[in-house]
Amino acid sequence: MSKLGLILHRKPRHFHAHETARFDELSGVQLASFKQRAWALVIDLAIVGVVQTVFGLHGCKSESHELGPVTFASLLMMAAHKIENLVEFTLYFAVLLKLGKGQTPGKKLMKARVVSLTHEEISWWQSIERGLGYGASLLEGGFGFVQFFFARNQQCVHDRIAETIVVDERLTAKRLGDETTEKEVMLLP
């Protein structure tokens with residue numbers, strides 16, 4: 001039988017709900033507030049900005065202020081600088097999130113942690129997806145971040161893309177017990 005025949009006649013695969021046990025593990029954990037997450041992002045963006053300034057990354061000057069015609073070459077250079085910027089931000093968030101076991105410096109200061117919904121530890125792939133997902137959240141005019149207020153588990157677009165949640169790690173954070181409901185927690189002092 002040919003290779004194509006073997007591929008077409010292979011044994012059927014079956015679905016395995018591997019997330020269920022992980023979901024049960026995470027059930028009741030307190031999620032980080034919007035304020036925690038927003039400040040963590042601001043801190044991380046400030047760090048990237050300082051690093052870019054100190055190391056002289058993006059040596060391009062403000063080309064729009066220079067007199068001269070807009071050429072195809074100048075447009076390509078501007079696009080290349082935008083791509084460099086995207087790569088730097090993605091690398092920052094992906095590498096530091098993975099090496100920090102779910103925490104960038106901003107999240108560490110704000111006592112929040114990114115947790116995988118599918119694995120014990122956040123994977124490299126999820127870190128990269130999350131880094132690129134920030135762009136997706138911005139591309140919607142910032143509505144990707146506003147979805148935090150509407151999504152059941154306070155997930156922004158980048159959280160859903162990477163299959164992650166952001167949990168609160170402050171000492172005051174409480175985990176729901178099996179018998180405690182969300183409404184009862186709101187009534188607690």
Side-chain angles (χ1 to χ4, degrees), residues 18-19 22-23 25-27 29-64 75-170 173:
H18 62 282
E19 290 96 0
R22 182 69 178 147
F23 282 18
E25 246 178 73
L26 294 171
S27 184
V29 70
Q30 185 169 331
L31 300 170
S33 69
F34 187 79
K35 185 173 149 183
Q36 275 178 288
R37 293 178 65 164
W39 276 112
L41 184 60
V42 167
I43 291 167
D44 287 328
L45 292 175
I47 291 170
V48 172
V50 167
V51 169
Q52 286 177 338
T53 302
V54 168
F55 290 107
L57 300 174
H58 299 300
C60 67
K61 308 286 185 287
S62 176
E63 295 159 357
S64 60
L75 289 176
L76 281 178
M77 288 304 294
M78 286 174 25
H81 290 300
K82 296 291 184 193
I83 291 171
E84 285 175 4
N85 206 7
L86 174 67
V87 168
E88 289 167 3
F89 279 99
T90 303
L91 280 174
Y92 172 85
F93 284 104
V95 171
L96 292 180
L97 193 67
K98 175 61 179 164
L99 296 180
K101 298 187 186 315
Q103 289 183 309
T104 59
K107 286 196 177 20
K108 191 170 197 70
L109 285 170
M110 296 310 299
K111 302 215 183 312
R113 180 179 303 276
V114 176
V115 176
S116 171
L117 292 176
T118 57
H119 303 90
E120 286 290 320
E121 190 175 303
I122 192 162
S123 68
W124 278 106
W125 183 251
Q126 285 177 308
S127 298
I128 293 167
E129 281 182 317
R130 200 173 156 79
L132 290 169
Y134 281 118
S137 292
L138 281 172
L139 279 174
E140 299 177 335
F143 187 70
F145 292 104
V146 175
Q147 289 180 19
F148 169 92
F149 298 105
F150 306 110
R152 182 173 181 209
N153 288 313
Q154 297 180 335
Q155 289 177 297
C156 298
V157 166
H158 50 276
D159 295 312
R160 288 196 308 279
I161 288 172
E163 296 180 303
T164 59
I165 57 173
V166 182
V167 298
D168 189 345
E169 290 206 322
R170 294 178 293 186

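Remember, it's a predicted structure, so these values are computed and weren't measured experimentally.
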Discussion item. With heavy-atom distances below 4.5 Å as the criterion, would you say the side chains of T104 and K107 are in contact?
Written reply: yes
Discussion item. Testing the basics here: between T90 and I128, what is the closest heavy-atom pair and its distance to 0.1 Å?
Written reply: CG2-O, 4.3 Å
Fill in: From OG (S137) to CZ (R160), nearest 0.5 Å
8.5 Å
Worksheet item: Under the side-chain contact (heavy atoms from CB on, under 4.5 Å) criterion, do E163 and E129 qualify, and how do the steps go?
Response: CA-CA 9 Å; E163 296 180 303; E129 281 182 317; 5.8 Å; no
Worksheet item: Do T118 and Q126 touch side chain to side chain, with heavy atoms closer than 4.5 Å?
Response: yes
Practice prompt. Classify the side-chain pair Q154/R37 by whether it contains a donor and acceptor separated by less than 3.5 Å.
Written response: no
Fill in: Shortest non-hydrogen contact from I47 toward P105
CD1-CB, 3.7 Å
Discussion item. Any non-hydrogen side-chain atom of L96 less than 4.5 Å from a side-chain atom of D44?
Written reply: no
Worksheet item: Can you list every pair that meets salt bridge (charged side-chain N to carboxylate O under 4.0 Å, His left out) and has a residue in residues 132-151, with sequence neighbours left out?
Response: none
Worksheet entry | Within-4.5 Å side-chain heavy-atom neighbours: M78 and K82 | no
Practice prompt. Would you indicate whether the side-chain heavy atoms of W124 and V95 approach each other to under 4.5 Å?
Written response: yes
Worksheet item: Nearest heavy-atom pair of F23 and L117: which atoms, and what distance?
Response: CE1-O, 3.4 Å
Worksheet item: Is the closest basic N to carboxylate O distance between R113 and D168 below 4.0 Å?
Response: no
Item to complete: Provide the closest heavy-atom pair for C156 versus G144 in the form atom of the first, atom of the second, distance.
Response: CB-O, 3.3 Å
Fill in: Atom of E169, atom of Q103 and distance for their closest heavy-atom approach
OE1-NE2, 3.4 Å
Discussion item. Can you tell me if W125 has over 12 outside heavy atoms packed within less than 6.0 Å of its CH2?
Written reply: no
Worksheet item: What orientation do Y134 and F145 show, parallel under 30°, tilted 30 to 60°, or perpendicular over 60°?
Response: parallel
Worksheet item: Do F143 and V157 have side-chain heavy atoms sitting under 4.5 Å apart?
Response: no
Worksheet item: Looking only at heavy atoms, what is the nearest atom pair of I122 and G102, with distance?
Response: CG2-N, 4.0 Å
Worksheet item: For the side chain of Q155 and the backbone of T164, is there at least one donor-acceptor N/O pair under 3.5 Å apart?
Response: yes
Fill in: Any donor-acceptor pair under 3.5 Å from Q36 side chain to K111 backbone
yes
Fill in: Euclidean distance, I43 CD1 relative to L109 CG, rounded to 0.5 Å
5.0 Å
Discussion item. Does any part of the side chain of L41, heavy atoms only, come nearer than 4.5 Å to the side chain of F93, both counted from C-beta?
Written reply: yes
Worksheet item: Taking atom types as modelled and ignoring hydrogens, do the side chains of Q147 and D159 form a donor-acceptor contact shorter than 3.5 angstrom?
Response: no
